[in-house]
Amino acid sequence: MSRTVTIDPITRIEGHLAIRIKIDSSRVVKAFSSGEMFRGFEVILKGRDPMDAQQITQRICGVCPVSHGTASILAQDAAYGATPPKNGRLIRNLILGANYIQSHILHFYHLAALDFVDITAITKYKGRDPVLRDLKKWVKGQISSNVIYPAAPFLPRYSGKYIQNTGLNILAIKHYLDALDMRTLAHKAGAVFGGKLPHAATLVPGGVTEKVTAVKIAAYASMISKLQTFIDKSYLTDVGEVAAAFPEYFRIGKGCGNFLAYGVFPESANNSEKLLPSGVVVGGRLRSFDAARITEDVRYSFYSSSSGLHPVQGQTVPAPHKNGAYSWLKAPRYNGTVVEVGPLARIMVAYLKGENRAVKKLVNGLLAKLGRKPKDLLSVLGRHAARAIECKVVADRCAEWVEQLVPGEPTFQDFTIPKTGRGVGLTEAPRGALGHWLEIDDHKIKRYQCVVPTTWNCSPRDDNGNPGAVEQALARTPIANSKNPIEATRVVRSFDPCIACAVH
Ligand code: NFE
Ligand code: MG
């Protein structure tokens, strides 16, 4: 008998994502992903000073603001012909790197781990840590409640198979709490050069406004070093434990198998080399990326603007009562094809390119340890593993970049805003490929279009009826109990969706 189940909301934070799945013979046969709100940043930006864009677009999201600020200043760099000096480029990388670390730790521990870790194990805790004892008391009180809810931080929750080893669960719960401190630390590290976080104050076209001093270098380096220890000793180990306990999730949530990365963290003045390179993987083959091939369809989205436009011509005209539409997300496609973006896409592209030796070594090491093949990465666990590996690669490189800063050297190159102009800023947010397209007329913003990671991943069907990346990843997911579709939530959350970003 077939059943339709709606999971709404599905993410633990960040917006209104609803997933509707049709289940037949205990498997998902069809999935629909809906972003349930409109925000209108592209409309708000029209007519404003272009220099407002890096501040306003950072308000798209509190988790990945630095990426929106970065895309915005890259678009303006291009429009004004500004090139940041070396200190400016390095500081941008350091702020963005700290924001990546914060976001990846947040996702694994606070948004996804409790799909696998059994929070009720804390009731067996016998130690003296006051926070864990408080949590034990709270969880004991909650256990009696019989409510089912897919998105609470602890309880209620879906029932299903969780990690069974009590010691391992309690250790993971302790790491959940440690991870809150690590997020604070990553924000503080980013704020050394970003002025504050979330929503860095120092990102400007031409570089950054923050100056380099020996004290700031030492402060950032010491915080990154603590984060590196947490990533090495807790994050990577805990992902390995989840992988060992749930090997079936190397076969669940495969998805479309196509990947797109714009590349991120420039290693040279002209952006030609990046720590994580750009590329497209279609049918297992790596190709070079061409920004001209990006389009956004809106047949199933609540917009009355034309469909299939390149973001250079992009329009955002909301149509809340549009017939047949089921999402406020547009449907971005690359060369007409559905692609997945995010840490797995970046790691796949870097791995296939083979130039980043740290990525190659970490991926091969993890696969050998878990007895897996590269193709197993196309899965729920592959996404978690890729995110953890990327977190280490970024943190380790941040520790090197900070030592390359030169106190007293400039961090900024001056510019003038032209009467008319265009620019595109392509970068990568923690959740994937992020682009901002800017058009200036009469020194003001004439058009501003954002194509955002979760818009790629959680898009509805395109004009040809092809389901989006998450919709495809859900197909064939086994669902043991349609009243507790925990398997579907694990698939969706492996993409780390952020609907606040996606609908922007
Ligand atoms: Ni709101 Fe974001 C990231 C961006 S996801 S978190 O990472 O851009 O669409
Ligand atoms: Mg957009």
Side-chain angles (χ1 to χ4, degrees), residues 11-17 33 35 37-46 53-54 57-72 74-75 96-97 99-107 110-111 198-199 260-262 264 276 294-298 301-303 305 307 309-318 327-333 340-346 383 387 390-391 394 424-438 447-459 468-470 493 495-504:
T11 53
R12 288 193 165 92
I13 55 161
E14 286 301 335
H16 302 251
L17 174 63
S33 158
M37 61 181 176
F38 175 67
R39 300 184 70 210
F41 275 81
E42 291 160 345
V43 181
I44 293 166
L45 283 157
K46 278 188 189 178
Q54 71 269 20
T57 59
Q58 283 197 74
R59 271 68 188 174
I60 289 173
C61 185
V63 180
C64 67
V66 179
S67 303
H68 288 288
T70 300
S72 178
L74 287 173
L96 184 60
N99 197 226
Y100 261 62
I101 297 166
Q102 176 276 134
S103 179
H104 285 1
I105 291 175
L106 164 78
H107 175 258
H110 307 129
L111 305 183
H199 310 127
L260 166 68
Y262 298 160
V264 65
L276 296 166
I294 298 166
T295 51
E296 288 192 299
D297 284 359
V298 295
S301 313
F302 293 111
Y303 299 96
S305 15
S307 200
L309 296 176
H310 186 275
V312 162
Q313 282 111 31
Q315 303 163 4
T316 304
V317 184
S327 181
W328 283 99
L329 277 67
K330 295 179 182 175
R333 296 294 183 258
E340 173 176 342
V341 300
L344 178 59
R346 290 190 287 263
R383 288 186 195 98
R387 200 174 283 110
E390 179 177 83
C391 196
V394 170
V424 52
L426 299 176
T427 183
E428 293 274 334
R431 286 154 196 74
L434 172 66
H436 285 195
W437 280 260
L438 163 70
R447 188 194 313 263
Y448 205 99
Q449 287 284 309
C450 311
V451 182
V452 178
T454 299
T455 322
W456 284 101
N457 284 337
C458 290
S459 83
V470 162
R493 288 177 188 153
F495 285 84
D496 192 3
C498 173
I499 295 306
C501 272
V503 295
H504 53 273

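Below, each value reflects all heavy atoms present in this structure, side chains not excepted, and no hydrogens, waters or symmetry copies. Counting convention: from 1, in listed order, for ligands and their atoms alike.
Residue Cys64 does not count as close to atom 1 (Ni) of ligand 1, with no N, O or S atom under 2.8 Å.
The contact set between ligand 1 and Ala429, taken as ligand atoms under 4.0 Å from a residue heavy atom, comprises 3 (C), 4 (C), 7 (O), 8 (O). Those atoms of ligand 1 that come under 4.0 Å of a heavy atom in Leu434, given as number and element, are 8 (O). Ligand 1 places these atoms under 4.0 Å from at least one heavy atom of Val452: 4 (C), 8 (O), 9 (O). For ligand 1 and Cys61, the ligand atoms under 4.0 Å from any heavy atom of the residue are 1 (Ni), 6 (S). Close approach of ligand 1 to Arg431 (heavy-atom distance below 4.0 Å) involves ligand atoms 3 (C), 5 (S), 6 (S), 7 (O).
Of the listed options Thr454, Val451, Asn99, Leu106, Thr454 places a heavy atom closest to atom 9 (O) of ligand 1.
The backbone N or O of Val264 lies less than 3.5 Å from no partner atom in the side chain of Thr427, so there is not a single donor-acceptor pair. Remark: side-chain polar atoms of His107 are not paired, donor with acceptor, to backbone N or O of Ile105 under 3.5 angstrom. Listed for the Glu428 side chain is a donor-acceptor partner under 3.5 Å among the backbone atoms of Tyr262. The main-chain N or O of Pro332 is never found under 3.5 Å from a side-chain atom of Glu296 such that the two would form a donor-acceptor pair.
With the Mg ion (ligand 2) as the vertex, OE2 (Glu42) and NE2 (His504) define an angle of 90°, rounded to 10°. Of the angles at atom 1 (Ni) of ligand 1, the one spanning SG of Cys498 and SG of Cys501 is 110° when given to 10°.
Atoms CZ and NE2, from Arg59 and His199 in turn, are 5.0 Å apart once rounded to the nearest 0.5 Å. Remark: Leu74 CG to Leu438 CG distance equals 11.5 Å, nearest 0.5 Å. Atom CD of Gln58 is separated from atom CG of Asn99 by 9.0 Å, given to the nearest 0.5 angstrom.
The shortest N or O to N or O distance between Pro430 and ligand 1 is below 3.5 Å. Inclusion of Thr455 in the set of residues having an N or O under 3.5 Å from an N or O of ligand 1 is not warranted.
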